[in-house]
Amino acid sequence: MAGEHILIIEDNPLNMELARDLLEARGYRVREASTAQEGIEAVRAEKPDLVLMDIQLPGMDGLTATRVLREDPNLADLKIVALTAHAMKGDEQKVLEAGCNGYISKPIDTRQFPKQIASFFEERLVIRE
Ligand code: MN
């Protein structure tokens, strides 16, 4: 692993801990934020490679936060991956329209999750197994 820097914006502590543990085990550098505002500040200060964006957050929601980040020309290379609850199935189009590169459904699948994340860093490679 190349040690890419991932910012997790997630208000649920258990979801945060699980995602963080899985990513750190793969060698990613992880930073946490529990609100959209805190996350936006961390993105601007630290320029992570990828943001894992919970959609349902207290205060500003993840779709709004994604739109804010997409308005910033300095963040053109930032990958944003939404974390969507199963109850939100059907809202996936909204996630993509807001500017996310893709989405991962919660609860996350602990075996698939690292592969899903890796795929966002390998999008120029077409891999068929
Ligand atoms: Mn949430």
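Start at 1 and go down the list; that is how both ligands and their atoms are numbered.
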Answer yes when Arg29 and Glu4 have at least one side-chain N-carboxylate O distance shorter than 4.0 Å, and no when they do not. no
Side chain Asp109, main chain Gln112, donor-acceptor under 3.5 Å: yes
Of all the N, O or S atoms in Asp11, which one sits nearest to the Mn ion (ligand 1)? OD1
Any idea which N/O/S atom from Asp54 gets closest to the Mn ion (ligand 1)? OD2
Is Asn15 close enough that one of its N/O/S atoms sits under 2.8 Å from the Mn ion (ligand 1)? no
Donor-acceptor pair, distance only, cut-off 3.5 Å: does the side chain of Asn101 make one with the backbone of Ile80? yes
Is Glu10 close enough that one of its N/O/S atoms sits under 2.8 Å from the Mn ion (ligand 1)? no
Test your reading of the model: is there a side-chain donor-acceptor pair from Thr66 to the backbone of Gly62, 3.5 Å cut-off? yes
